[in-house]
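Notes to accompany the following structure.
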Amino acid sequence: MSPRLDRRTLCDERFLASLEALRITARRVAPRGRFAEQRSRELGAGIEFRDYRPYSPGDDLRRVDWNIHRRLGRLVVRLSEELEDLPLYLLPDISESAWLEEPPRARAGLQCALALAAVSLGQLDRVGLFPWAEDLRILQRPASGKGRVHQMAELLAGLEPAGRTNLTGALESLRALGLREGLVCIISDFFDPAGIEAQIEAMRKLRHRLLLVQLVRSTDREPALSGDWRILDCEGGEPTEVSLTPSVIARYRDAYDRFVESLTEFARSRGAGLVSVDADAEVLPQLAALFEAGVLRV
Amino acid sequence: MSFAWLSPWMVAAGALALAASLYLLHRLRVRYRTVRVVTSMFWRQAVEESRARVLVKRFRHPWTYALLLGLTLLLWLAAAGPHLGAGGSRRAVFILDGSAAALEGDLFESSVRALKDAAARSPRARTRVLWSGARTRTLLMEGEDLALLESRLSGLTPELCPPTVERTLETLLQERGGALGLDIEIFGVAPIRKDRAALLPEGVALWRSDGVPRGANRGITALGVREAASGAWDRIDAQFEAATAGGAVLRPEELTVTLEGKPLEGWSALAGPAGLRVSLHDLAANGDLLEVKIAASDVWPADDQAAVRLPRRDRIRVAVGARVAPVVAAVLRADPGVVLTEDSPQVFVRSSSESGRAALPEMVLSEDAEGAAFEVGSPADEEAERALRSAFEELGLDEIDGTELADAAGRAMEVRLRTAPVRFLRIWNELLSSRYNFVLGRAFPAFVARGIRWLASIPPIEPSLGAGRILRDPSAEIAAPKRPRLAAIGGALRVPRAGVWAAKDESPQISSLLSREASVGLSESEAAELKPLPSGAAFDPAPWLALAALALLCVEWQLLRRERIP
């Protein structure tokens, strides 16, 4: 199947320029990262002073505060804040459901992924691309550098529909990669046949910080159907025959509302970010809602 | 509410059938449209929840069903011809009297006006208009436009025939029966007998538009001829009656009787309860025209004169073979209606030992006494049973003492019927011998005389050629000038109206009105008293039902557009 999108559809210079003012800031990133702008949980030889501690053998003598030694006669070492990077692992959904409608949800999803990648790369963080459908695929191992934005845009534009939705399997594969703790951004409609409970359970097992981008449409809750329909899932499976009476439509809305409520409750309990992006509307204004004063704190 | 086309039970049954049919249609398997979606997991949940809640599959689209049922029932009711108000569901038949009875003054014109008014008031779908003249015609069918009645009435005038409304009633009731309500209204003065009105089926009512009372009238009510009482073959007797109504007086001297235009004298009138009766005896049966007139004309001149053409009774030319028994020739010579001649004979009487003459009816005296004693031959077109019956009566075979002949012969005496190109009569010559007393009995000359007349096919005398009367001769044919010939064709032939007719042999015949009902009407004890049909404006809800159905259709369309119903 030929790619559904091209690079121009995903981004242009104006798109990238509007992302320059945005930042993603972590409270503390995991240690042993590369030097970057995020504050690390580890104190070390950074620029910004943070604390003192008694000297112990093996400490770098350059960090001994000799002024204190002269006044107090004690050897203490100056501790500074370590600045490291926050790895961003982008998991865009490229299953069949993301490509069905017009415009496809994949377009909005990949734009979101590219926007977040651009923000992270702009602040020297590493970004990895892991598109998924039935399984996880490594499109780009975590890498940094502002110049990679265009390369990533090319990579994302080359994606194709890849089968059924299987988020639980994809997250299992992600965990098996043993990546350094970072920010996992799952961009999907979350319409996994396994159900929202199975997806939440799989997400709960991740030791990364989570950002959920839910791709929605107005017709998800208010279907533009009436009469008698044989409903086929775009990813296969048994058809469902239904006569659309007001009560059936009401039950459909209830089911959808429960789905959204479960996702929201999980995000709230986990402290994960959650944003709903309407696939029919422009992506950036919706994504900007995540950033308070231009900063997304994770 | 009542219905024009169907009974209420039929309407109810139809409505139930429609409701059931629509219900079944709604239960039919749904033809689903197919759509691919990303949210099928929610649809599955919605459907599974509804399945979990009910035991029996819920009726689909009850509002659609209700709307469709309402719409269908409205159309069904409109089609059934609902009727509110006067008359209910009854049908109406208006009969316009077109007989001679309507010829009095402007009676016909006023009847036509009343008919038009009534037809305009009556619902077209349930009203029929008939013309009852010499024959019954439909002037306006149910549902036809009223303007057609106007055009069909133009140029119509009463015909010189007796009242035929009773006959029209019989035809109408045979056609329709009395199952549905029927109002029959008569426009005219044609009388209806009480006993005839009493025979009307239940549900059929008879009415009469405001009739004009009959004025004083005098008329010839009967004129007929018969075989001369004197027995003379070439003579005929005639009789006529003149009656009065409404207090009119008729004296014998006001009557004029002419024969071929010449006054006939020497007759006398007998006054009776029915009027004056005059008998004329031994008139020459030579085809002269007998006319009777009432001197002073009255308000209704149609019955003031009558005429009849007397039958022509020529003697039958009979040829007799040389070997025929003398007793037969003697009987023939004594018969005043027979002349023995060899010049163009009509009948040939011969012995079986003599040869016959082609295409000539013959009486054969059989030398051979084998087979039937009496053998009657007639053409194949005569129906066998009727021919045998006619042979018995016309030949006088019923007067022969067959038992005595059988005793004398010592064997059974048979009468056999055979099919032959021309009529013949064969008897044993032996019966004429002295061994039998057949020739000595009075039945013999009667048998010979009748046999000759039957062989000569002499038609019976028509007693009267009055308009509306059925002719006695089953083979009679008549034709009005420039009109098609009328024949009985196995049934009864009725003279439609008074006037000049051509008989089967093209001889001119005169038919007169001769209707006592038309001239003097019926007595109060005989005539049914009929009242006018009560008029009332009827409300026809059919158009309103159709409009309601249309409105319902619009509602359904709007609901469909708003996707409130599938």
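Letters A, B, ... are given to chains in the order of the sequence lines, protein chains preceding strands, and every chain is numbered from 1.
- When each of Arg126(B), Arg91(B), Arg124(B) is tested with Glu142(B) by the rule salt bridge (Lys or Arg N to Asp or Glu O under 4.0 Å), just one qualifies, namely Arg91(B).
- In this structure, the portion of Pro223(A) lying under 4.5 Å from any heavy atom of chain B is its side chain and not its backbone.
- For a residue to count as touching a neighbouring chain, one of its non-hydrogen atoms must lie under 4.5 Å from one of that chain's; by this rule Arg253(A) does not touch chain B.
- Among the candidates Val127(A), Leu90(A), Leu183(A), the single residue satisfying the side-chain contact (heavy atoms from CB on, under 4.5 Å) test with Leu116(A) is Leu90(A).
- A distance of 11.0 Å separates OG1 in Thr168(B) from CH2 in Trp131(B), rounded to the nearest 0.5 Å.
- Contacts with chain B (heavy atom to heavy atom, under 4.5 Å) involve no residue of residues 263-290 of chain A.
- Nearest heavy-atom pair, Gly109(A) versus Ile187(A), reported as atom, atom and distance to 0.1 Å: CA-CG2, 3.5 Å.
- Scanning for ring pair (Phe, Tyr, Trp, His ring centres under 6.0 Å) contacts around Trp229(A) gives an empty result, with sequence neighbours left out.
- With a 4.5 Å cut-off on non-hydrogen atoms, Glu101(A) touches chain B through its side chain but not through its backbone.
- Options Met41(B), Arg36(B), Arg33(B) differ in how many heavy-atom pairs under 4.5 Å they form with chain A, and the most are formed by Arg33(B).
- In this structure, chain B has no heavy atom under 4.5 Å from any part of Arg217(A).
- More than 12 heavy atoms of other residues, nucleotides or ligands lie within 6.0 Å of CD in Glu170(B), so this atom counts as buried by the packing criterion.
- When ring centroids are compared, Phe259(A) and Phe190(A) stay outside the 6.0 Å threshold.
- Considering only heavy atoms from C-beta on, Leu225(A) stays 4.5 Å or farther from Val242(A) through its side chain.
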